[in-house]
Amino acid sequence: MKTSPSQVVLLLASLLCTVAIAAAQEPPARTEAPAATPALPSPPVLPPMAWEAPPLEPFTATYQALYKGKEAGDAIMRVTNTGGSQWRVDMQVVGRRGFASVLGLNLEQSTVFEKQGTTYVPLSQSTVRKGLFLGKKVTGTYNWQAGTAQWTGDLKKERTQPIPLQAGDQSALLINLAIMRDARPGAQMHYRYVDVGRVRQHDYQAAPDTENVQVGELSYNALRVYRTNGGNDETILWVANGVPTPVRILQREDGEDRIDLRLIEYQGV
């Protein structure tokens, strides 16, 4: 379940050279110029870290959900193949403790999409948010023939207007899957977010190397991927080599942790 890229230890040996100067009997020995010290060999170039993007396959992942640093509930991310090249990704976050449910930490999102080569093309999207004092349901359609996306439901009027589509547009959930596909040490990733009547540019940067991430009793060598243009709203994901879903997803606001999802189990289907 957890992967640990092998570490390579390189030993460099220095070469020492000595030169003996023979002395003639007659005339007196002539002083020779010291031999030039040979240059040390250049250190070998380390190969780039081997990184294997997980294939798109059905799975169910269970996360522990924390709200502002305190345990608040759980979350399930599920990817299913609905037939042929069509897929569906779902995320359900359920607040079970404290004020988490009151504040709206009860969220269901889904995106139906088509896999075209290595590209994920959204077809429809829905969001349902539940809480004691609020409730919201929104559905959207990506009409690629008409070249527009449009949402209906509990939205402001300006967010129900058609949005012109561009190739590569992604929903929020599809960005998570795209990062799993595209992340490499040091990589930069750029996505156009089109979801719930809004358009935003999402730019991400992967760290140059992995770091140890402790999630419950499990430990991962994971790659930190963070959004670089979110302003005060930060999104950070940790991606482990070969694992099909982020091992941790952290959303921060104004420098403080807000929603923190930590992987505790995943199963392939």
Side-chain angles (χ1 to χ4, degrees), residues 53 56 61 63 75 77-79 86-93 104-105 107-129 136-144 146-184 187-206 223-239 244-246 248-254 258-261:
L56 180 65
Y63 291 83
M77 180 183 288
R78 183 177 288 111
V79 170
Q86 194 167 108
W87 295 74
R88 175 173 171 147
V89 54
D90 295 271
M91 171 69 87
Q92 181 182 28
V93 183
L105 189 61
L107 178 69
E108 297 176 8
Q109 285 187 314
S110 67
T111 296
V112 175
F113 65 100
E114 189 173 48
K115 184 176 183 291
Q116 298 181 0
T118 59
T119 303
Y120 304 149
V121 180
L123 303 177
S124 64
Q125 189 274 339
S126 69
T127 299
V128 179
R129 186 184 295 274
K136 179 185 292 186
K137 183 175 181 179
V138 177
T139 58
T141 301
Y142 300 83
N143 187 335
W144 291 95
T148 60
Q150 191 167 14
W151 277 260
T152 60
D154 302 312
L155 285 172
K156 295 180 180 179
K157 184 177 180 179
E158 59 267 24
R159 288 171 60 182
T160 62
Q161 302 303 309
I163 297 174
L165 285 170
Q166 296 180 11
D169 285 350
Q170 304 284 270
S171 72
L173 289 178
L174 279 187
I175 287 179
N176 284 343
L177 294 183
I179 288 174
M180 300 304 301
R181 177 196 64 203
D182 300 336
R184 300 289 188 281
Q188 294 181 349
M189 292 151 279
H190 308 282
Y191 308 102
R192 189 172 181 257
Y193 164 105
V194 180
D195 205 331
V196 197
R198 292 182 294 185
V199 179
R200 294 176 177 174
Q201 181 66 29
H202 280 219
D203 299 327
Y204 292 85
Q205 174 69 54
L223 190 65
R224 178 194 293 254
V225 179
Y226 55 93
R227 189 178 172 196
T228 59
N229 65 337
N232 293 332
D233 297 331
E234 300 176 73
T235 301
I236 307 170
L237 304 91
W238 283 266
V239 178
T245 184
R248 185 181 177 191
I249 304 172
L250 176 62
Q251 293 181 345
R252 309 183 79 224
E253 291 183 5
D254 299 322
R258 184 170 175 83
I259 299 177
D260 190 354
L261 304 181

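Numbers for residues simply follow the sequence, beginning at 1.
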TODO: Provide the closest heavy-atom pair for Val194 versus Tyr142 in the form atom of the first, atom of the second, distance.
DONE: O-OH, 2.6 Å

TODO: Not counting sequence neighbours, which residues clear side-chain contact (heavy atoms from CB on, under 4.5 Å) with Ala53? List them please.
DONE: Arg184

Open item on the list: To check you understand the geometry: which heavy-atom pair defines the closest contact between Phe113 and Leu177, and what is its length?
Closed with: CZ-CD1, 3.9 Å

Open item on the list: Can you give me the closest heavy-atom contact between Arg198 and Ile163, atom names plus distance?
Closed with: N-CD1, 3.9 Å

- [ ] Evaluate the side-chain proximity of Val138 to Arg129: yes if any heavy-atom separation is below 4.5 Å, no if none is.
- [x] no

Open item on the list: Any donor-acceptor pair under 3.5 Å linking the side-chain atoms of Tyr204 with those of Asp182?
Closed with: no

Check residues 165-176 and write down every donor-acceptor pair under 3.5 Å in which the side-chain atom is one partner and the other belongs to a residue at least two apart or another chain.
unit_1, atom_1, unit_2, atom_2, d
Asp169, OD1, Arg192, NH1, 3.0
Asp169, OD2, Gln166, N, 2.7
Asp169, OD2, Arg192, NH1, 2.7
Gln170, NE2, Tyr120, O, 2.7
Gln170, NE2, Gly168, O, 3.4
Ser171, OG, Thr111, OG1, 2.9
Ser171, OG, Leu174, N, 3.3

Task: Atom of Trp87, atom of Val79 and distance for their closest heavy-atom approach - done: CE3-CG1, 3.7 Å

Open item on the list: Counting C-beta onward and ignoring hydrogens, is there a side-chain heavy-atom pair between Lys136 and Thr127 closer than 4.5 Å?
Closed with: no

Task: Criterion side chain to side chain contact (heavy atoms under 4.5 Å, CB included) on Gln251 and Asp233, from CA distance to verdict - done: CA-CA 7 Å; Gln251 293 181 345; Asp233 297 331; over 6 Å; no

- [ ] Check side-chain contact (heavy atoms from CB on, under 4.5 Å) between Thr152 and all other residues, then give those that pass, not counting sequence neighbours.
- [x] Thr139

Open item on the list: Once side-chain contact (heavy atoms from CB on, under 4.5 Å) is applied, do any residues pair with Pro164, and if so which ones, sequence neighbours excluded?
Closed with: none

TODO: Can you sort out the partners of Arg224 under side-chain contact (heavy atoms from CB on, under 4.5 Å), two or more places apart, ordered by chain and number?
DONE: Ala207, Glu211, Tyr226, Ile236, Trp238

Task: Residue list, salt bridge (Lys or Arg N to Asp or Glu O under 4.0 Å) with Arg227, at least two apart or on another chain - done: none

- [ ] Rounded to the nearest 0.5 Å, what's the gap from CZ on Arg252 to CG on Asn232? Could you check?
- [x] 11.0 Å

Open item on the list: Listing request: all salt bridge (Lys or Arg N to Asp or Glu O under 4.0 Å) pairs with a residue in residues 149-159, at least two apart in sequence or in separate chains.
Closed with: none

Task: OG-CH2 distance between Ser124 and Trp151, expressed to the nearest 0.5 angstrom - done: 10.0 Å

Open item on the list: Whether the Asn143 and Gln150 side chains hold a donor-acceptor pair (N or O, under 3.5 Å, no angle test) is what I'd like checked.
Closed with: no

TODO: Looking only at non-hydrogen atoms, find the nearest pair between Thr245 and Tyr63 and report the distance.
DONE: OG1-OH, 2.6 Å

Open item on the list: Restricting to side chain to side chain donor-acceptor pair (under 3.5 Å), what partner residues turn up for Thr235, sequence neighbours left out?
Closed with: none

Task: Geometric class of the Tyr193/His202 ring pair [parallel <30°, tilted 30-60°, perpendicular >60°] - done: parallel

- [ ] Name all pairs fulfilling the salt bridge (Lys or Arg N to Asp or Glu O under 4.0 Å) condition that reach into residues 112-128, sequence neighbours left out, sorted by first residue then second.
- [x] none

Open item on the list: Do Gln86 and Val112 have side chains that approach each other closer than 4.5 Å (heavy atoms only, starting at C-beta)?
Closed with: yes

Open item on the list: According to side chain to side chain donor-acceptor pair (under 3.5 Å), who are the partners of Gln205, at least two apart in sequence or on a separate chain?
Closed with: Gln188

Open item on the list: Test of understanding: with side chain to side chain donor-acceptor pair (under 3.5 Å), list the residues that count as partners of Arg88, not counting sequence neighbours.
Closed with: Asp90

Open item on the list: Please check this pair: side chain of Asn229 against backbone of Asp203, looking for a donor-acceptor N/O pair closer than 3.5 Å.
Closed with: yes

TODO: State, with a plain yes or no, whether a side-chain heavy atom of Met77 is found less than 4.5 Å away from one of Leu261.
DONE: no

Task: ring pair (Phe, Tyr, Trp, His ring centres under 6.0 Å) pairs, two or more places apart, involving residues 158-179 - done: none

